[in-house]
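In what follows, chains carry the letters A, B, and so on, assigned in the order in which the sequence lines appear, proteins first and then strands, with residues in each chain numbered from 1.
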There are 2 protein chains.
Amino acid sequence: MDTGSTGAQGGETLLFLTDEQLRKGIEAMFFAYRAFTSDPDRILENYEYGRAHHRAIHFINRQPGLTVTALLATLGVTKQSLNRVLRALVDDGLVEARVGRRDKRERNLYLTEKGEALERELSDAQRTRMRAAYRAAGPAAVTGFRQVLEAMMDPDIRRQYQAMRDGAA
Amino acid sequence: MDTGSTGAQGGETLLFLTDEQLRKGIEAMFFAYRAFTSDPDRILENYEYGRAHHRAIHFINRQPGLTVTALLATLGVTKQSLNRVLRALVDDGLVEARVGRRDKRERNLYLTEKGEALERELSDAQRTRMRAAYRAAGPAAVTGFRQVLEAMMDPDIRRQYQAMRDGAA
DNA sequence: TTGGAAAGTCAACAAGGCTGACTTAAAACC
DNA sequence: GGTTTTAAGTCAGCCTTGTTGACTTTCCAA
């Protein structure tokens with residue numbers, strides 16, 4: 001039904017596109033992603049937070065002053081779901097929601113010092129693993145890694161990702 | 001605190017290990033993984049199943065006859081959590097749990113034809129995206145992609161992954 | 001001045017994790 | 001042969017994080 005061994009343009013067999021190769025990639029994604037989230041998860045247990053809080057903190061740190069709507073779009077969850085998380089972070093003094101200057105309906109989100117401290121703790125753990133993997137695999141592998149991941153994203157998100165990539169120098 | 005611009009052994013600056021590069025990698029993982037799971041998720045909505053059922057089906061298909069304990073170790077969840085999922089799949093006739101031949105305490109898990117049909121539907125969708133990403137990025141990128149993901153896994157899981165990789169030809 | 005957008009909130013629900021306690025059957029050990 | 005351990009299964013209850021639906025307040029803009 002789906003052998004993957006489709007004849008290539010140049011007549012070359014695309015061995016890296018066989019079903020078996022694709023399955024390996026699928027499993028690698030599953031196992032690697034689980035490892036990737038495990039370090040921050042362990043840290044978050046000590047606080048009263050979960051993965052959802054981590055994601056909010058990450059993107060607020062990344063784009064300080066972004067609006068709730070923008071964060072909603074980035075995270076891909078509902079307003080109600082994000083609100084629960086955001087309220088906890090604001091109440092606990094990790095995130096500040098300032099009334100928009102141009103448009104007073106908007107809330108611009110910023111990390112407080114306390115929020116930045118947690119962000120650093122979480123991202124340090126995550127970067128440590130990422131750094132070890134990058135170092136083990138080497139620069140060429142890292143380029144390929146990023147290329148495949150980008151190609152896998154939905155186009156809208158890819159644009160957003162690339163804008164963020166180019167923006168934050 | 002953590003500039004990432006550590007001097008290399010050869011005196012060369014490791015640009016691919018800067019904090020910024022690592023953060024890009026972290027975000028790429030997040031966005032790509034979400035896209036990666038979205039196709040099967042959409043299909044599963046039509047049935048009464050979720051991501052947990054998909055994972056069980058995937059690994060039973062991959063290693064037919066594996067025991068409940070082995071599946072537990074692969075998925076990294078509790079017995080109670082898996083049981084809920086597995087019971088539904090057995091009751092609905094997608095998975096068969098045969099009493100072990102050597103050890104009658106064990107249950108060897110197999111997909112039924114119905115189970116295989118759903119597995120195919122799910123993995124077709126996931127492989128279609130993976131194939132498009134692989135094709136867009138090219139063989140060299142795919143090699144790098146797999147290398148980084150493997151390096152990111154926890155060692156125990158990596159061994160398990162590699163065994164599965166080498167086993168299923 | 002009125003329509004619509006941004007934000008926030010309440011309530012209820014579902015999936016899928018978790019812990020703890022306990023049973024049954026069978027293997028393994030002594 | 002009796003005891004201990006292991007594999008599986010189950011019940012109950014809890015938590016996080018997602019969902020829908022309904023509704024309010026504020027405020028920009030046509």
A.B. asks: Show every ring-ring contact (aromatic ring centres under 6.0 Å, His included) that has at least one partner inside residues 77-124 of chain A, sequence neighbours left out.
C.D. replies: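 Residue pairs passing ring-ring contact (aromatic ring centres under 6.0 Å, His included), neighbours aside: none found.
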
A.B. asks: Inspect the contact between A/Glu27 and A/Arg23 and indicate whether a charged nitrogen and a carboxylate oxygen are less than 4.0 angstrom apart.
C.D. replies: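 A/Glu27 and A/Arg23: not salt-bridged.
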
A.B. asks: More 5' along DNA chain C: A/Ala70 or B/Tyr49, using each one's nearest nucleotide?
C.D. replies: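 Checking each residue's closest nucleotide, the 5'-ward one belongs to A/Ala70.
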
A.B. asks: Going by heavy atoms closer than 4.0 Å, what residues in residues 82-104 of chain B are next to DNA chain C?
C.D. replies: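 Heavy-atom contacts with DNA chain C come from B/Arg84, B/Arg102, B/Asp103, B/Lys104.
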
A.B. asks: Scan residues 31-58 of chain A for pairs that pass salt bridge (charged side-chain N to carboxylate O under 4.0 Å, His left out), counting only residues two or more places apart or in two chains.
C.D. replies: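 As it turns out, the salt bridge (charged side-chain N to carboxylate O under 4.0 Å, His left out) pairs with a partner in residues 31-58 of chain A, which skip direct neighbours, are A/Asp39-A/Arg42, A/Asp39-A/Arg129, A/Asp41-A/Arg51.
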
A.B. asks: Listing time: all N or O pairs from protein to nucleotides 4-6 of chain D that are below 3.5 Å?
C.D. replies:
from	atom 1	to	atom 2	distance (Å)
D/dT6	O2	B/Arg105	NH1	2.8

A.B. asks: Just to verify, what does B/Glu106 make a side-chain contact (heavy atoms from CB on, under 4.5 Å) with, not counting sequence neighbours?
C.D. replies: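 B/Glu106: side-chain contact (heavy atoms from CB on, under 4.5 Å) contacts with B/Thr67, B/Arg102, B/Asp103.
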
A.B. asks: Are B/Arg55 and C/dA15 close enough that a side-chain N or O sits under 4.0 Å from OP1 or OP2?
C.D. replies: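 The answer is no; no side-chain N or O of B/Arg55 sits under 4.0 Å from OP1 or OP2.
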
A.B. asks: Please tabulate, for side-chain N and O atoms in residues 70-85 of chain B, each donor-acceptor pair with protein atoms closer than 3.5 Å (sequence neighbours left out).
C.D. replies:
from	atom 1	to	atom 2	distance (Å)
B/Thr74	OG1	B/Ala70	O	3.0
B/Thr74	OG1	B/Gln160	NE2	2.7
B/Thr78	OG1	B/Ser81	N	3.3

A.B. asks: For B/Asp156, enumerate each residue passing the salt bridge (Lys or Arg N to Asp or Glu O under 4.0 Å) test, keeping only those at least two apart in sequence or located in another chain.
C.D. replies: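 B/Asp156 satisfies salt bridge (Lys or Arg N to Asp or Glu O under 4.0 Å) with B/Arg159 only.
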
A.B. asks: Confirm from the modelled atom types if A/Gln80 and D/dG21 form a donor-acceptor pair under 3.5 Å, side chain to base only.
C.D. replies: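 Side chain to base: pair found, below 3.5 Å.
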
A.B. asks: I need the CD1-P distance between A/Ile57 and D/dT17, as an integer number of Å.
C.D. replies: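 After rounding, the gap between these two atoms is 11 Å.
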
A.B. asks: Using side-chain contact (heavy atoms from CB on, under 4.5 Å) as the criterion, list what pairs up with A/Arg158, not counting sequence neighbours.
C.D. replies: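 Only A/Glu150, A/Met153, A/Pro155, A/Gln162 meet the side-chain contact (heavy atoms from CB on, under 4.5 Å) criterion with A/Arg158.
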
A.B. asks: Starting the side chain at C-beta, find the nucleotide from C/dG16, C/dG8, C/dC22 nearest to A/Val68.
C.D. replies: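 Nearest listed nucleotide: C/dG8.
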
A.B. asks: Could you tell me which residues satisfy side-chain contact (heavy atoms from CB on, under 4.5 Å) with A/Gln147, sequence neighbours excluded, listed by chain and number?
C.D. replies: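 side-chain contact (heavy atoms from CB on, under 4.5 Å) check on A/Gln147 returns A/Thr143, B/Ala137, B/Ala141.
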
A.B. asks: Looking at residues 34-44 of chain A, who's got a heavy atom less than 4.0 Å off DNA chain C?
C.D. replies: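 Nothing qualifies; none.
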
A.B. asks: Please confirm whether the shortest side-chain N or O distance from A/Ser81 to OP1 or OP2 of D/dT17 is below 4.0 Å.
C.D. replies: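 Checking D/dT17 against A/Ser81, no side-chain N or O comes under 4.0 Å of OP1 or OP2.
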
A.B. asks: Applying ring-ring contact (aromatic ring centres under 6.0 Å, His included), can you list everything that pairs with A/Tyr33, at least two apart in sequence or on another chain?
C.D. replies: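 Listed in chain order: A/Phe36, B/Tyr33.
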
A.B. asks: Would you mind listing every ring-ring contact (aromatic ring centres under 6.0 Å, His included) that reaches into residues 55-94 of chain A, with sequence neighbours excluded?
C.D. replies: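 For residues 55-94 of chain A, and leaving out neighbouring residues, the ring-ring contact (aromatic ring centres under 6.0 Å, His included) pairs sorted by first residue read A/Phe59-B/Phe30, A/Phe59-B/Phe31.
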
